[in-house]
Amino acid sequence: MNLNQLQHAFYQAISQQGDGSVLSPHLLSHPNLSVNQQLAIYRRNKNTALCNTLSAHYPVCLRLVGDEFFNAMAKIYIEQTPSHFTDLNKYGSNFSLFIKDFQPTQDLPYLPDVARLEWAWVQAFYGQDMMARLDADLIAAMDNEQVEKVVFQLPVNANLLSSSYPIAKIWQVNQLDYEGEQQIDLTQNEVLLLVWRDGWRVAIEPLTQVQWQLLQVFAQGLPLEAVCHHAIAQNIDVSEYLADFIARGWLASFEGS
């Protein structure tokens with residue numbers, strides 16, 4: 001058995017996808033522990049690390065359901081979703097989908113969307129650093145033909161989210177340092193959000209319907225000319241929003257000229 005085969009067999013064993021028998025010839029014997037008992041130590045450590053990762057990534061969900069419920073839910077998720085990453089910051093990306101189908105959470109219909117918001121926060125926080133903000137003067141110096149071909153880009157690892165529930169308010173109220181109004185109206189209108197990192201701060205920005213529509217089109221990677229055509233069809237004047245988006249940092253870079 002070469003190193004690659006040995007590592008694969010060990011991974012299978014601690015992921016409970018094998019009984020560990022294939023590893024027996026390669027493990028030091030222990031007078032009081034069988035092969036499976038030895039491997040069980042690694043399984044527990046692995047599961048504890050993944051559970052702690054989910055708790056760190058989804059602290060609001062944890063607070064909403066409590067430690068005991070969250071840990072039990074995380075255990076089932078971990079059993080169904082083994083980690084394939086060396087970087088634990090990438091683990092748990094589909095936790096919201098799991099919660100959506102998890103029978104014990106069906107009386108908390110907003111919880112999957114809260115989880116989506118928390119994962120967007122994680123992506124922004126641990127994502128690639130954004131370069132300096134886009135200089136609007138570079139655009140102003142171009143002629144009309146050049147500007148039409150420009151492809152604007154949202155900040156790296158930015159996410160556009162929509163929800164039928166006030167997930168931004170739920171997130172805010174469940175921060176440890178929050179001291180404001182605790183009451184949340186779950187019947188409010190659709191919430192539209194941009195989650196991105198502004199320097200060292202992860203921003204959760206509420207958007208208007210028009211801002212949401214325009215940013216969705218920009219996110220498709222279309223040149224400005226095509227963005228304008230889409231906007232005109234919706235009776236939106238892009239010129240009213242472009243400078244503001246750049247100033248806010250919502251459009252962080254561009255390609256083409």
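Starting from 1, each residue takes its place in the sequence as its number.
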For Trp171, does its backbone N or O pair with a side-chain atom of Gln175 as donor and acceptor, under 3.5 Å? yes
Please say whether more than 12 non-hydrogen atoms of neighbouring residues, nucleotides or ligands are located less than 6.0 Å from NZ in Lys169. yes
If we only count heavy atoms from C-beta on, is the Lys90 to Tyr126 side-chain gap below 4.5 Å? no
Using the rule that Ile, Leu, Val, Met, Phe, Trp and Tyr join whenever any side-chain heavy atoms are under 4.5 Å apart, tell me whether Leu88 and Phe125 fall into a single cluster. yes
Do Val217 and Gln213 make a side-chain contact, defined as non-hydrogen atoms from C-beta onward lying under 4.5 Å apart? no
For a quick test of reading the model, state the closest non-hydrogen atom pair linking Leu222 to Val227 and the distance between them. O-CG2, 3.8 Å
Is a side-chain N or O of Thr81 found less than 3.5 angstrom from the main chain of Ile78, in a donor-acceptor match? no
Nearest heavy-atom approach of Ala219 to Leu154 is N-CD1, 4.0 Å
Please round to the nearest 0.5 Å and tell me the distance separating atom CD of Glu240 and atom CZ of Phe245. 11.0 Å
Do Ile184 and Leu64 sit in one hydrophobic cluster, given that two such residues count as connected whenever their side-chain heavy atoms are within less than 4.5 Å of each other, even indirectly? yes
Would you say Trp119 ends up clustered with Tyr110 if hydrophobic residues are merged whenever their side chains have heavy atoms under 4.5 Å apart, either directly or through other cluster members? yes
Glu190 versus Ser164, side-chain donor and acceptor atoms under 3.5 Å: no
If Ile, Leu, Val, Met, Phe, Trp and Tyr residues are connected whenever their side-chain heavy atoms lie under 4.5 Å apart, and connections chain through other members, are Tyr178 and Ile167 in the same group? yes
Nearest heavy-atom contact between Gly249 and Pro155 is O-CG, 3.2 Å
To the closest 0.5 Å, what do you measure between CG (Asn157) and CH2 (Trp196)? 13.0 Å
side-chain contact (heavy atoms from CB on, under 4.5 Å) evaluation trace for Leu54 with Asn71: CA-CA 9 Å; Leu54 292 174; Asn71 290 337; over 6 Å; no
Hits for side-chain hydrogen bond (donor to acceptor under 3.5 Å, both in side chains) against Asp244, two or more places apart or cross-chain, chain-then-number order -> Arg248
side-chain contact (heavy atoms from CB on, under 4.5 Å) between Gln209 and Trp212, intermediate numbers included: CA-CA 5 Å; Gln209 186 68 42; Trp212 165 266; 4.0 Å; yes
Tell me whether Gln183 at atom CD has more than 12 heavy atoms from other residues, nucleotides or ligands lying less than 6.0 Å away. no
One should read off an interatomic distance between Gln106 CD and Leu111 CG, to the nearest 0.5 angstrom, of 10.0 Å
Measure across Ala124 and Val202 and return the closest heavy-atom pair with its distance rounded to 0.1 Å. CB-CG1, 4.1 Å
Point-to-point distance, once rounded to the nearest 0.5 Å, from CG of Asp67 to OG of Ser55: 7.5 Å
Return yes if some donor-acceptor pair links the side-chain N/O of His57 with the main-chain N/O of Tyr91 below 3.5 Å, else return no. yes
Distance, nearest 0.5 Å, that separates CD of Glu118 from CG of Asp113: 12.0 Å
Do the side chains of Leu214 and Leu193 join up, straight or via other hydrophobic residues, at under 4.5 Å, putting them in one cluster? no
Just by modelled atom types, is the Gly127 backbone N or O under 3.5 Å from a matching donor or acceptor in the Arg197 side chain? yes
Kindly give the heavy-atom pair with the smallest separation between Gln182 and Val173, and that separation in Å. OE1-CG1, 3.2 Å
Is it true that, when you exclude Asn189 itself, more than 12 heavy atoms of the residues, nucleotides or ligands shown sit nearer than 6.0 Å to its CG? no
Taking the side chain as every heavy atom from C-beta outward, state whether Gln153 and Leu251 have any atom pair closer than 4.5 Å. no
With a 3.5 Å cut-off and no angle check, do the side chains of Asn94 and Tyr77 form a donor-acceptor pair? yes
Between the side chain of Thr208 and the main-chain N/O of Gln211, is any donor-acceptor distance below 3.5 Å? yes
Thr187 versus Tyr165: any side-chain heavy-atom pair under 4.5 Å? no
Can you confirm whether more than 12 heavy atoms, excluding those of Gln220, are under 6.0 Å from its CD atom? yes
Contact between Leu160 and Leu192 at the side-chain level, heavy atoms closer than 4.5 Å - yes or no? no
Which of parallel (below 30°), tilted (30 to 60°) and perpendicular (above 60°) describes Phe70 and Phe95? perpendicular
Heavy atoms, side chains only, cut-off 4.5 Å: are Leu224 and Lys149 in contact? no
Check whether any side-chain heavy atom of Leu194 lies under 4.5 Å from a side-chain heavy atom of Asn159, and answer yes or no. no
Rounded to the nearest 0.5 Å, how far apart are SG of Cys61 and CD1 of Ile99? 4.5 Å
Step by step, would you call Leu161 with Leu117 a side-chain contact (heavy atoms from CB on, under 4.5 Å)? CA-CA 7 Å; Leu161 301 177; Leu117 174 56; 3.9 Å; yes
Which is it for Ser162 and Val191 under the side-chain contact (heavy atoms from CB on, under 4.5 Å) test, yes or no, and what are the steps along the way? CA-CA 6 Å; Ser162 65; Val191 175; over 6 Å; no
Counting N and O atoms only, with roles assigned by atom type, does the side chain of Tyr58 sit under 3.5 Å from a partner on the main chain of Gly92, one being a donor and the other an acceptor? yes
